[in-house]
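Along the sequence shown, the residues carry numbers beginning at 1. As a basis for the values below, the full set of heavy atoms in this structure was taken, side chains included, without hydrogen atoms, waters or symmetry mates. Remember, it's 1-based here, ligands and their atoms both numbered in the order they're listed.
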Amino acid sequence: MAMTSLERAEAAEHAMSQELDRIVVKSVIYTSGERDPREPLPRQPDQGRLYMMGHDPRLPRMPDKPTLFDFYKYRFGPSTHVLQSARLAKKNGVSEKIVLACLLHDISVNGFIRGDHGYWGAQLVAPYVDEEVSWAIRHHQVLRFFADESYGYKYPDSYIRLFGADYKPEPYIQEAYKYAREHKWYETSRLITVNDLYAFDPNAHVELEEFTDVVGRHFKQPKEGLGFDHSPSAHMWRTMNYPTKYL
Ligand SMILES: [Fe+2]
Ligand SMILES: [Fe+2]
């Protein structure tokens with residue numbers, strides 16, 4: 001006999017509470033600093049409970065074959081900044097590839113790992129975009145620390161507020177900057193930083209759908225869904241889909 005909608009809701013709730021009973025162990029990287037990673041993890045007795053090995057019921061469930069936009073909708077924090085950057089890039093008349101790079105440039109901050117986010121973000125998208133786009137995303141983070149008058153790019157005031165007036169980028173950033181400065185794709189990456197503005201118009205509301213065509217033309221969505229196509233970064237997308245999986 002078919003279930004009534006009430007029965008279905010109750011069954012779903014029951015399934016959810018069962019799943020929540022699973023033990024979630026946070027990855028070391030989530031807690032390192034708050035606790036000393038060298039110390040053994042404090043563990044409560046399992047009491048026969050199972051460990052989280054899939055979808056975390058505290059999160060919205062993602063479609064079986066998630067697209068890039070599904071990650072923006074279900075796993076990323078508010079994307080206002082990248083959407084506004086992409087719109088500004090479009091308004092400034094840059095190529096579609098650079099508009100896409102602007103749309104993607106901070107996805108690691110939005111949904112994965114902050115530190116060295118340019119590198120992580122570039123790695124996430126590399127299998128699906130032109131090499132120039134992932135190169136530009138990789139280096140934008142470093143170029144942000146260095147002014148380039150010829151593009152009207154100044155050292156961000158926000159960085160002085162965030163890191164202090166005497167912050168000096170670490171040697172690896174200086175080295176990466178020197179390398180990027182001489183590279184044939186320098187301009188592409190520099191243009192991300194030029195359009196990388198925070199809330200240039202606090203009232204502007206930008207929808208993801210404004211970029212459906214650009215993404216359609218320049219981001220090769222895998223038919224299996226991001227995370228399930230065995231690409232070199234598929235595991236990173238899966239980790240965002242199932243961030244609490246035990247193994
Ligand atoms: Fe960034
Ligand atoms: Fe940014």
Quiz item: Can you give me the NE2-the Fe ion (ligand 1)-NE2 angle for His117 and His140, to 10°?
Solution: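 The two atoms subtend 90° at the Fe ion (ligand 1).
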Quiz prompt | Ion pair check, Glu210 and Arg87, cut-off under 4.0 Å | solution =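 Salt bridge: yes.
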Quiz item: Rounded to 10°, how many degrees is the angle OD1/Asp196-the Fe ion (ligand 2)-NE2/His81?
Solution: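 Result: 80°, to 10°.
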Quiz item: What angle, in degrees and rounded to 10°, do you get at the Fe ion (ligand 2) when you join it to OD2 of Asp106 and to NE2 of His105?
Solution: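 With the Fe ion (ligand 2) as the vertex, OD2 (Asp106) and NE2 (His105) sit 90° apart.
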Practice problem: For side chain to side chain donor-acceptor pair (under 3.5 Å), just list the numbers for His117 and His140, CA-CA rounded to whole Å, side-chain angles, deciding distance to a tenth of an Å, and then say yes or no. | Solution: CA-CA 10 Å; His117 72 280; His140 90 273; 3.2 Å; yes
Quiz item: Near Glu209 CD, under 6.0 Å, is it more than 12 heavy atoms from other residues, nucleotides or ligands?
Solution: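 Yes, CD of Glu209 has more than 12 neighbouring heavy atoms, counting only those of other groups under 6.0 Å.
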Quiz prompt | Tyr153/Phe146 aromatic ring centres below 6.0 Å | solution =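 That pair fails the under 6.0 Å test.
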